[in-house]
Amino acid sequence: MGLLTILKKMKQKEREMRLLMLGLDNAGKTTILKKFNGEDVSTISPTLGFNIKTLEHRGFKLNIWDVGGQKSLRSYWRNYFESTDGLVWVVDSADRLRLEDCRQELSSLLQEERLAGATLLVFANKQDLPGALSKEAIREAMALDGIKSHHWCIIGCSAVTGENLLAGVDWLLDDIAARIFTTD
Amino acid sequence: MDATHEVSREPGGFAGESGADKIQERLQKRHQARAEDAERRKEAKESMSVAEEKGEYFSTSFNTERASIEELLSSCSGADRAVVTPRLEEATAKTLQLQKFLNDSMLFLTQYELRRAQAALQKLQSSIVEIREEAQPRKKFTFRARTKATDKVSDAPSPEADTPADSGGNKVDGAAESVQCRFSDLDNVCLTKTAEEIQKRDVLLTHLSNCKVRLFGSPSTLHLKHIDSCEILCGPVSSSVFIDHCTNSTLAMPCQQLRTHNTTDTKVYLHVTSRAIIEDCHGVSFAPFSWSYPTLEEDFDLSGLDRDRNNWSQVDDFNWLAAGTHSPNWTVIPEADRKTTWDP
């Protein structure tokens with residue numbers, strides 16, 4: 001038995017996945033993470049650095065990394081790319097002014113070699129706000145249809161109400177599981 | 001090998017002495033055992049290492065696969081569209097498989113091999129894209145991407161750096177005008193929004209100078225961009241306040257989060273229930289929120305902000321991560337210098 005087979009079997013047994021959550025500042029990354037984990041979301045401060053949460057969902061062990069999105073932190077994003085199974089890109093659907101910024105940051109991420117194998121989930125967050133753009137508008141503004149290098153999916157959600165968070169994560173898990181865990 | 005060496009000497013050995021004979025025999029046995037042991041170990045080692053995990057195996061199978069994809073692609077040029085489509089699909093699937101093979105082999109490849117394989121894959125992928133675009137010019141995504149590209153070109157000559165992004169958003173902005181409250185491009189005026197106008201909407205103030213702005217009511221978020229020498233007072237904001245490129249101004253607002261960027265010489269009278277941050281700012285000073293208006297209490301209730309929690313003096317500076325020493329970019333306004341009366 002080769003070393004690689006052993007490693008794969010180990011990973012399969014643990015059913016462990018590493019998810020990296022990125023996006024511009026104020027997109028709602030930390031709020032999504034906390035809401036998903038059932039914590040209070042009313043006292044969240046802008047993230048200076050990063051948060052990690054390990055949680056169990058559907059028998060998978062998820063390591064979720066939430067890295068701050070301020071401009072001065074974006075150059076550190078690369079430190080978190082290694083062995084990422086899924087990339088969660090969070091968009092503030094109400095922030096029209098920075099959609100172009102948002103598109104550019106995402107497209108430069110997708111060129112990263114170390115993220116080449118990762119599945120991409122785009123959360124069009126803040127759908128509960130009256131001024132939020134629809135998921136379709138975000139999809140167009142971010143030019144998602146041009147992405148051929150990654151499996152991707154866009155889901156409209158609200159971190160504050162928790163709407164659709166599970167649906168998004170479930171899609172991500174299914175896609176990753178189909179890729180890295182061979183069915184016996 | 002000394003084992004064979006010893007053995008070859010053995011027949012002509014000291015046959016006369018039985019003791020020596022025995023020793024000889026024992027020695028030979030030991031040699032044999034040792035040789036067998038070595039053989040066993042060698043076999044074990046061989047069975048441990050898998051043929052698939054060798055660089056040579058990798059490069060040969062990688063290259064054959066790559067050649068087959070290339071052949072597939074070259075057969076596409078000039079062919080009919082109906083023929084090209086399935087071929088392209090096959091090529092895409094094969095490339096994906098190859099990428100997976102490479103990912104799986106990452107552990108035992110050298111950096112050089114890895115990089116070369118990556119480069120080869122990239123080349124394959126880009127030629128697939130090229131052929132796809134050639135063969136299916138009418139596909140939806142291609143068409144859209146092109147129109148966008150031309151849009152950008154026409155925007156490019158505009159003198160201000162921010163304009164392309166803004167005009168790119170115009171289409172969506174227009175649709176949402178009804179839900180968004182805004183003031184922009186104004187100089188030296190007094191501006192007011194009432195609670196009825198604001199109610200739970202996003203408020204946007206851009207390119208204002210020498211203005212006095214009063215926002216009564218509770219916005220969902222407040223964006224301030226390109227503000228110069230203004231006094232802006234706002235009711236409780238239920239989520240975050242965004243400040244970008246603001247100079248020489250006085251601001252007052254309660255909010256959940258305050259995010260301040262590229263701002264200089266500005267005073268902020270703040271009630272913040274989580275934290276305020278600054279980034280690329282200097283000369284920003286803070287004091288507790290002190291503005292008041294008749295319906296402030298109700299707006300506080302509406303916003304859901306906690307009146308008793310105010311972290312106005314705990315400011316995180318993203319450009320000053322040293323713990324222990326205070327950031328040089330912001331200060332607390334001394335009590336004697338704080339403004340207490342706002343409206344004449």
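Quick note on labels: first sequence line is chain A, next is B, and so on, each numbered from 1.
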Original post:
If you measure from NZ on Lys225(B) to CZ on Arg98(A), what distance do you get to the nearest 0.5 Å?
Top reply: 8.0 Å

Subject >> Pairs where residues 19-55 of chain A contributes a residue and the test ring-ring contact (aromatic ring centres under 6.0 Å, His included) is met, not counting sequence neighbours >> reply: Phe36(A)-His57(A), Phe50(A)-Trp65(A), Phe50(A)-Tyr80(A)

Original post:
Should Asp280(B) and Ser72(A) count as side-chain neighbours, where that means a heavy-atom distance under 4.5 Å?
Top reply: no

Subject >> Arg78(A) atom CZ, over 12 foreign heavy atoms within 6.0 Å >> reply: no

Original post:
How many angstroms lie between CG in Asp25(A) and CD in Gln257(B), if you round to the nearest 0.5 Å?
Top reply: 10.0 Å

**OP:** Look only at the side chain of Gln70(A) and the backbone of Glu279(B), and say whether a donor-acceptor pair between them is shorter than 3.5 Å.
**Re:** no

Original post:
How far does NZ of Lys126(A) sit from CG of Asp202(B), to the nearest 0.5 angstrom?
Top reply: 8.5 Å

Original post:
Does some side-chain heavy atom of Lys148(A) sit less than 4.5 Å from a side-chain heavy atom of Thr92(B)?
Top reply: no

Original post:
Do the side chains of Leu97(A) and Asp244(B) get nearer than 4.5 Å, heavy atoms only?
Top reply: no

Subject >> Approximate separation, where rounding is to 0.5 Å, of His261(B) NE2 and Lys71(A) NZ >> reply: 8.0 Å

**OP:** List in chain and number order the residues that pass ring-ring contact (aromatic ring centres under 6.0 Å, His included) with Phe318(B), two or more places apart in sequence or in another chain; answer none if no residue qualifies.
**Re:** none

Original post:
Is there any residue in residues 149-175 of chain A with a non-hydrogen atom under 4.5 Å from a non-hydrogen atom of chain B, and which ones are they?
Top reply: none

**OP:** Under 4.5 Å heavy-atom distance to chain B, tell me which part of Asp95(A) shows up: side chain, backbone, both or neither.
**Re:** side chain

Original post:
By number, which residues in residues 41-49 of chain A have some heavy atom less than 4.5 Å away from chain B?
Top reply: Val41(A), Ser42(A), Thr43(A), Ile44(A), Ser45(A), Pro46(A), Thr47(A), Leu48(A)

**OP:** Please indicate whether Lys200(B) has more than 12 foreign heavy atoms, meaning atoms of other residues, nucleotides or ligands, lying under 6.0 Å from its NZ.
**Re:** yes

Subject >> Atom CZ of Arg114(A): over 12 foreign heavy atoms under 6.0 Å >> reply: yes

